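Owing to the predicted nature of the structure, the values given are computational and were not obtained by experimental measurement.
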Amino acid sequence: MISCRGISSHKALDPSILSRRLPVVSSHHPPWLFHHASATSFNIHLTLHTSFNPRRLYRKSKLELWGLLVGSSVRSEQCGSTQSQGLRCKALGSKAIASEEVGSVKNEDGWKGERKKLALFLSGGGSNFRALHNATLENRIYGDIVAVVSDKPGCKGCDYANEHGILVIPYPKGKFVSDGMKLVQTLRDHGVDFVLLAGYLKLLPVELVQAYPRSILNIHPALLPAFGGKGYYGLKVHEAVIKSGARFSGPTIHFVDEKYDHGPILAQRVVQVLPSDSPNDLATKVLKEEHGLYVEAAAALCEDRIFWREDGVPLIRKSWDEAEYY
Ligand SMILES: Nc1nc2c(c(=O)[nH]1)N[C@@H](CN(C=O)c1ccc(C(=O)N[C@@H](CCC(=O)O)C(=O)O)cc1)CN2
Ligand SMILES: NCC(=O)N[C@@H]1O[C@H](COP(=O)([O-])[O-])[C@@H](O)[C@H]1O
């Protein structure tokens, strides 16, 4: 079996082509811009820069560092010219470290951000759910699964959730069209930051997709964009792969948009399809890779290590200690 990560890591990328997972502060400013409000205090909206020491690293976006970075102590090692008042700076003053209590700062002791809250959507056995849950318990994922959403509340994944005291939210309920906004409100009430789909067999309500931009992942058991879309789920996917004569398959993790299996691809792994493989043989090989890949992707999501290339492709930063992406 060839099982390679299919990941080629890239060294530090030019900050100008990366931005963080949430929209930048002002749409007309490129994502790297750094707003400088006044000489005495800074209302600074940071978009995370890349290639420098994590000790100076700020988690991105709307950290408002009032008066913490008084002009003179803001030492920007490298500021390019700007297209507006903003400065393009690569690094921040040492005072910035003092802002640890202000928000999430990445430092050498490990992630100091807020632990994230996750909701899992599933319809079946829940092996990905169990792999992710174990990873949260062992701190390999800096998050907690606070709810499971399922269209099949009697499924094995829901049984596991009940056994572990995790809330189960039936959705949709029965044959009727269920209220997407009510589901969004329920997730918000439980402080859910990210949604992870793992064998969920219904199309997400558009209200949920819109309420959680760049915050919903799905795992699909084939190398998208091939073998995806309506009708491609469970064993049907592996049957189609084998029937096609494809020599390789593997899991894809992608961000979710309003269509099935259509959102931006975040990560993939590859397994070999042998001539003798049955759909179940292939499903077993792919599922094994799914578990590891989903833990990697969820850990990156919870540690704010996902960056969006200018062309809309999301990249995982391997760690905060090295600016390598895959
Ligand atoms: N808005 C989105 N919703 C969902 C996505 C997505 O990418 N965007 N991914 C699916 C998961 N999935 C593939 O990864 C998938 C699941 C189900 C189907 C499908 O054809 N379902 C059948 C119904 C099956 C049933 O009820 O037993 C159908 O719609 O006719 C395709 C792909 C989860 N949601
Ligand atoms: N198109 C969606 C789809 O087919 N998803 C697939 O359902 C299985 C769920 O297994 P699990 O319940 O053991 O995690 C997984 O193989 C997942 O990729």
Side-chain angles (χ1 to χ4, degrees), residues 3-25 27 29-34 46-54 56-61 63 88 90-91 104-106 110-111 113 116 118 132 135 140-143 193-197 209 212-220 222-226 228 250-257 261-270 289-326:
S3 168
C4 61
R5 287 179 176 273
I7 290 164
S8 58
S9 61
H10 297 271
K11 286 296 179 192
L13 298 173
D14 175 349
S16 64
I17 63 169
L18 289 178
S19 68
R20 294 304 303 279
R21 65 180 173 77
L22 290 182
V24 292
V25 174
S27 56
H29 281 167
W32 59 82
L33 278 185
F34 171 90
L46 299 178
T47 294
L48 188 87
H49 306 284
T50 53
S51 58
F52 58 82
N53 180 320
R56 298 196 186 92
L57 193 62
Y58 276 93
R59 192 159 141 242
K60 152 262 163 195
S61 81
L63 274 185
R88 174 177 175 172
K90 266 180 70 71
S104 308
V105 176
K106 180 67 197 163
W111 180 248
K116 298 299 190 302
L118 309 171
L132 290 161
R140 288 178 285 123
I141 291 175
Y142 202 72
D193 297 294
F194 299 121
V195 172
L196 306 180
L197 311 186
V209 176
Y212 280 87
R214 293 184 167 177
S215 299
I216 306 175
L217 292 179
N218 176 54
I219 191 160
H220 181 75
L223 295 174
L224 293 176
T252 299
I253 290 179
H254 64 94
F255 281 92
V256 165
D257 65 13
D261 306 329
H262 180 263
I265 290 172
L266 177 64
Q268 294 183 313
R269 283 190 184 175
V270 177
E289 294 304 318
E290 288 183 39
H291 296 159
L293 189 63
Y294 221 161
V295 169
E296 254 180 56
L301 195 61
C302 290
E303 289 183 36
D304 270 353
R305 286 189 285 109
I306 291 176
F307 294 78
W308 291 76
R309 219 167 52 190
E310 270 184 338
D311 59 2
V313 172
L315 304 174
I316 293 178
R317 182 176 175 133
K318 197 172 170 188
S319 76
W320 283 107
D321 303 328
E322 51 202 321
E324 265 189 72
Y325 300 83
Y326 58 87

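Closest of all the heavy-atom pairs between Arg140 and Ala299 is O-CB, 3.4 Å. What you find for Gly312 and Pro314 is that their closest heavy atoms are O-CD, 3.5 Å. The minimum heavy-atom distance linking Asp193 with Ser215 is given by the pair O-CB, 3.8 Å. The heavy-atom pair separating Leu223 from Arg269 by the smallest distance is CD2-O, 3.4 Å.
A distance of 4.0 Å separates CG in Leu293 from CD1 in Ile253, rounded to the nearest 0.5 Å. In this structure, CD1 on Ile306 lies 12.0 Å from OH on Tyr325, to the nearest 0.5 angstrom. The structure places OH of Tyr326 at 8.0 Å from CG of Leu266, a figure rounded to the nearest 0.5 Å. Distance check, rounded to the nearest 0.5 Å: CD1 of Ile141 to CD of Glu296 gives 10.5 Å.
Side-chain contact between Leu217 and Phe255: present, with at least one pair of heavy atoms (C-beta onward) separated by less than 4.5 Å. Between Leu132 and Val295, some side-chain heavy-atom pair lies under the 4.5 Å cut-off. Looking at heavy atoms from C-beta onward, Leu118 lies out of side-chain contact with Leu301 at the 4.5 angstrom threshold.
In this structure, the side chain of Lys116 engages the main chain of Cys302 through a donor-acceptor pair within 3.5 Å. Using modelled atom types, no side-chain atom of Thr252 and backbone atom of Gln268 make a donor-acceptor pair closer than 3.5 Å. A distance-only check finds no donor-acceptor pair linking the side chain of Arg317 to the backbone of Arg305 [under 3.5 Å].
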